[in-house]
Amino acid sequence: MERTCRDGLRTVAPLAVAVAGFGISFGVLARAAGMGSVAPVVMSITTFGGSAQFAAASILGEGGSVAAAAAAAIMVNARYVPIGVTIAP
């Protein structure tokens, strides 16, 4: 069976709706935290977990330091280490 680009778009559409909603809500939070427009985009490219983005933006929005925001993001993403270990072959 030959698959087309249209088939791929149809398959990914439900996920794209959720991703768009997540991106919009993070963008609103980042703007409210005073992060500007470039920092949230860079953060979205470099940060693995969306929950870490929300944690860091929340800390920065409340006047926390960049070090505290980075530490929170690292700790939130650290949960993936034991998950990865348990599913590794």
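The model shown is predicted, which means the values in this text are computed figures rather than measured ones. Excluded from the calculations below are hydrogen atoms, water molecules and symmetry mates; all remaining heavy atoms, backbone and side chain alike, are included.
Put simply, CG on N77 and CD on Q53 are 9.0 Å apart, with the number rounded to the nearest 0.5 Å. Atom-to-atom distance recorded for S44:OG and F22:CZ is 8.0 Å, nearest 0.5 angstrom. Between L29 atom CG and I24 atom CD1 the span is 14.0 Å, to the nearest 0.5 Å.
In this structure, D7 contributes its side chain and T4 its backbone to a donor-acceptor pair below 3.5 Å.
Two residues are said to be in side-chain contact when any heavy atoms from C-beta on lie closer than 4.5 Å; E62 and I59 fail this criterion.
Closest heavy-atom contact between A57 and A33: O-CB, 3.5 Å. The two atoms that bring V76 and A52 nearest to each other are CG1-N, 3.9 Å, heavy atoms only.
Under the 4.5 Å side-chain contact rule for hydrophobic residues, M35 and F54 share a cluster.
Side-chain N/O atoms of R31 and S37 include no donor and acceptor closer than 3.5 Å.
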